[in-house]
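All values below come from the heavy atoms of this structure, side chains included, with hydrogens, waters and symmetry mates left out. When a residue number appears, it is its place in the shown sequence, counting from 1.
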Amino acid sequence: MTDHDVVIIGAGASGIGAAVKLLGQGVRDFVVLEKADGVGGTWRANTYPGCACDVPSALYSFSFAPNPSWTRAFAGQPEILDYLRDVATRYGVTPHVRFGTELTRAQWDDTARRWVLETTRGRFTARLVIAGAGPWNEPLIPDLPGLLDFPGEVFHSAWWNHDYDLRGKRVAVVGSGASAVQFVPRIQPHVASLHLFQRTAQWVLPKPDHHVPRVERYLLRRFPALQRALRSAEYLGMEALGVGFRHPAVLRAVQAVGRAHLLATVRDPALRRALTPDYTLGCKRLLFSNEYYPALTRPNVRVHPHAVRLVEGSTVVGTDGSRSEVDCVILGTGFRILDMPLAERVFDADGRSLADHWRGSPSAYLGTTVSGFPNAFLLLGPNLGTGHSSAFMILEAQLAYVMDAVRTIRAAGWSSVDVRPEVQAAYDAEVQAALPSTVYNAGGCSSYYLDVNGRNSFSWPWSTGRMRERIRVFDPAAYTVRAESDHSDRPLGDRA
């Protein structure tokens with residue numbers, strides 16, 4: 001068993017960012033638990049053809065570690081992974097990572113006031129835990145009758161089987177979300193036939209992507225102010241789009257762009273009808289592609305505007321009764337965004353899991369702390385997601401809060417801080433009261449933003465500027481704190 005001041009769970013962007021910030025304030029006694037053999041998180045795991053970011057490159061990076069060498073306006077997976085590896089190496093994070101170490105159980109010990117973490121490589125204890133596993137961690141595998149008995153090849157886009165040769169194969173793609181929009185155009189030219197099972201049509205906007213000329217990259221390296229200006233311009237552009245998410249009527253102009261894009265690339269009226277969404281743009285995640293619609297018009301592609309009902313032998317059966325004989329099934333069905341497996345592995349002092357507390361509807365104060373789980377911080381937690389901005393913007397806002405908490409706890413000599421339940425409940429009520437007027441709730445669709453109880457547990461209903469202002473300073477008054485020698489549970493305001 002090894003004891004540390006801080007344990008970080010996950011070595012993706014969140015874990016790397018947390019580690020850099022800890023090192024920046026002089027904290028050296030920490031480890032990062034990573035189940036895989038390398039850093040990068042979702043950008044290490046997802047290697048499907050065409051995998052890329054749908055946020056501009058200059059914005060999809062840490063503000064403290066700008067990258068002037070992006071070769072595309074919207075970076076691809078290999079470049080993003082290289083960037084994260086470089087940050088981990090350059091800032092001294094890698095020596096703190098324990099690779100091949102998967103968390104199996106973490107429980108708060110109220111007597112010792114430590115977290116006890118069981119892993120595949122032994123036990124760790126820690127004063128503080130920072131959970132950076134993120135929502136894009138565990139692929140969502142649909143429960144399709146007969147899928148387990150399918151005689152051909154089956155894999156999820158997040159677990160792409162690069163050893164399987166798709167050339168000349170009959171392929172069924174289940175799902176038409178962000179990953180499918182990227183990999184379908186890449187595999188379409190090589191397969192004999194492609195059957196896309198689309199439960200819901202998606203809004204797909206043209207992607208303003210382009211190669212970044214070498215001279216532009218040189219200027220960005222030579223004059224850092226230019227890169228800061230580019231980042232600021234991209235941020236303001238995304239925030240302007242974000243106004244529409246809070247006022248759906250504003251999105252009509254953007255929706256018109258989506259309709260024009262569809263009209264210009266899909267000439268077949270029947271196919272165009274099948275690909276036309278019946279909800280407001282932004283209700284689901286925004287998708288960008290210049291290749292997706294053209295790929296669906298090719299002779300070897302058939303779009304099934306229905307979900308899959310079951311699999312019978314080698315035949316995929318749609319809910320409309322259509323039957324397609326295939327050699328391979330690729331699941332583009334996304335991730336367990338709101339029912340994160342981590343919630344089933346983290347327990348309070350009484351042995352109740354985070355999932356037990358949430359009962360299907362994740363909630364956290366400022367998306368970061370949960371009552372009953374002292375000294376634990378969630379990164380990219382509940383109700384912090386936006387449909388228009390970069391995850392790095394959210395992450396850095398949270399990291400400022402978490403690091404302020406770490407500084408405060410260490411300076412005051414507190415053994416534990418636990419957000420007061422009434423504070424968490426009031427914050428959650430404020431968020432939920434603001435969501436009904438946003439496109440996330442009022443857009444007329446069913447999306448992964450909504451949990452099993454029909455509640456939006458994913459979205460942030462305001463601007464990212466407001467997020468940075470709100471999640472900026474750790475306020476001890478929102479917490480019940482304990483000093484090292486204190487065995488009572490009282491809010492800070494009750495202390496003499």
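- For E291, the salt bridge (Lys or Arg N to Asp or Glu O under 4.0 Å) partners at least two apart in sequence or on another chain are R186.
- Across all their heavy atoms, R44 and V39 have their closest contact at CB-O, 3.5 Å.
- Looking at L103, T119, I130 one by one, the single match for side chain to side chain contact (heavy atoms under 4.5 Å, CB included) with I9 turns out to be L103.
- Residues passing the side chain to side chain contact (heavy atoms under 4.5 Å, CB included) test with R336, sequence neighbours excluded: E138, L140, D339, P341, E344.
- For the residue pair N375 and S416, no side-chain donor N or O sits within less than 3.5 Å of a side-chain acceptor on the partner.
- Salt bridge absent: E234 and R228 never bring a charged side-chain N and a carboxylate O closer than 4.0 Å.
- D86 and T89 form no side-chain donor-acceptor contact under 3.5 Å, judged by distance and modelled atom types alone.
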Under 3.5 Å, side-chain donor or acceptor atoms of residues 17-25 against the rest of the protein: list the pairs with distances, not counting sequence neighbours.
residue : atom : partner : partner atom : Å
Q25     : OE1  : R407    : NH1          : 2.8

Could you give me the CA-CA distance, side-chain angles and deciding distance for E34 and R98, then say whether side chain to side chain contact (heavy atoms under 4.5 Å, CB included) is met?
CA-CA 6 Å; E34 172 53 53; R98 303 295 177 261; over 6 Å; no
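- A distance-only check finds no donor-acceptor pair linking the side chain of T464 to the backbone of M467 [under 3.5 Å].
- Within 6.0 Å of CG on L236 lie more than 12 heavy atoms contributed by other residues, nucleotides or ligands.
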Decide side chain to side chain contact (heavy atoms under 4.5 Å, CB included) for S176 and T200; before the verdict, give the C-alpha distance in whole Å, the side-chain angles of both, and the deciding distance to 0.1 Å.
CA-CA 8 Å; S176 56; T200 308; 5.8 Å; no
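- You'll find the side chain of R105 stays beyond 4.5 Å of the side chain of L117, heavy atoms only.
- Using modelled atom types, one finds a donor on one side chain and an acceptor on the other under 3.5 Å when comparing N453 with S361.
- Contact check for T2 versus F124: side-chain heavy atoms found under the 4.5 Å cut-off.
- D109 and V116 make their closest contact through CB-CG2, 4.2 Å (heavy atoms, listed as atom of the first residue, atom of the second, distance).
- The aromatic rings of Y401 and F474 lie perpendicular to each other, with more than 60° between the two planes, well past the 30° mark.
- For an aromatic pair to be called close, the ring centres must be under 6.0 Å apart, and F64 with Y91 satisfies this.
- Residues that satisfy the ring-ring contact (aromatic ring centres under 6.0 Å, His included) test with H4, not counting sequence neighbours, are absent from this structure.
- Ion pair R114/D5 not flagged as a salt bridge, since none of the NZ, NE, NH1 or NH2 atoms sits closer than 4.0 Å to an Asp/Glu carboxylate oxygen.
- Of all heavy-atom pairs spanning I394 and G385, the tightest one is CD1-CA, 4.3 Å.
- In terms of heavy-atom proximity, F74 sits nearest to P56 at CE2-N, 3.6 Å.
- Under 3.5 Å, the side chains of S415 and R113 contain a donor-acceptor pair of N or O atoms.
- Counting non-hydrogen atoms of neighbouring residues, nucleotides and ligands closer than 6.0 angstrom, the CZ atom of R352 exceeds 12 such neighbours.
- The number of heavy-atom neighbours closer than 6.0 Å to CZ of R28, taken from other residues, nucleotides and ligands shown, is above 12.
- With a 4.5 Å cut-off on side-chain heavy atoms, V31 and I8 do not count as touching.
- A distance of 7.5 Å separates CD of Q77 from CG of N46, quoted to the nearest 0.5 Å.
- Note that NE2 of H357 and CZ of F373 are 4.0 Å apart. Values are rounded to the nearest 0.5 Å.
- Listed here is the closest heavy atom pair of L384 and L366: CD1-O, 3.8 Å.
- With contacts defined as side-chain heavy-atom distances shorter than 4.5 Å, the pair V55/S389 does not qualify.
- Partners of S61 under the side chain to side chain contact (heavy atoms under 4.5 Å, CB included) rule, at least two apart in sequence or in another chain, are W70, Y83, R231.
- Evaluation of the side chain to side chain contact (heavy atoms under 4.5 Å, CB included) rule for Q424 yields S363, Y365, V370, S371, V419 as partners, not counting sequence neighbours.
- In the model, N161 has a side-chain atom that pairs as donor or acceptor with a side-chain atom of E153 under 3.5 Å.
- Partners of D428 by salt bridge (Lys or Arg N to Asp or Glu O under 4.0 Å), not counting sequence neighbours, listed by chain and number: R455.
- Residues R127 and V6 are not in side-chain contact: their nearest non-hydrogen atoms beyond the backbone lie 4.5 Å or more apart.
- For Y449, the ring-ring contact (aromatic ring centres under 6.0 Å, His included) partners two or more places apart in sequence, or in a different chain, are Y440, F458.
- For the pair F377/T369, a side-chain contact is recorded, criterion being any heavy-atom separation below 4.5 Å from C-beta on.
- For F347, there are no ring-ring contact (aromatic ring centres under 6.0 Å, His included) partners at least two apart in sequence or on another chain.
- Among all heavy-atom pairs drawn from C53 and I80, the shortest one is CB-CD1, 3.6 Å.
- Taking CG from L450 and CG from N456, the interatomic distance works out to 5.5 Å, rounded to the nearest 0.5 Å.
- In this structure, D348 CG and D356 CG are separated by 8.5 Å, a value rounded to the nearest 0.5 Å.
- Looking at V417 and I409, their side chains come closer than 4.5 Å, going by heavy atoms from C-beta outward.
- Here OG of S289 is found 7.5 Å from CD of Q182. Values are rounded to the nearest 0.5 Å.
- Residues that satisfy the salt bridge (Lys or Arg N to Asp or Glu O under 4.0 Å) test with R246, not counting sequence neighbours, are absent from this structure.
- Qualifying ring-ring contact (aromatic ring centres under 6.0 Å, His included) partners for F288, counting only residues two or more places apart in sequence or in other chains: none.
- Here P362 pairs with L338, W358, P382, D451, S457 under the side chain to side chain contact (heavy atoms under 4.5 Å, CB included) rule; sequence neighbours left out.
- For K207 and D54, the salt-bridge test fails: no basic side-chain N is under 4.0 Å from an acidic carboxylate O.
- Put simply, the side chain of E396 reaches to within 4.5 Å of the side chain of S63, judged on heavy atoms.
- For W160 and F155, the gap between ring centers is short of 6.0 Å.
- Separation of atoms CZ (R121) and OG1 (T104) is listed at 13.0 Å; rounding is to 0.5 Å.
- Side-chain atoms of T120 and E102 include no donor-acceptor pair closer than 3.5 Å.
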Take E469 and R472 through the test salt bridge (charged side-chain N to carboxylate O under 4.0 Å, His left out) and record every step on the way to the result.
CA-CA 6 Å; E469 181 62 28; R472 186 171 58 90; 3.5 Å; yes
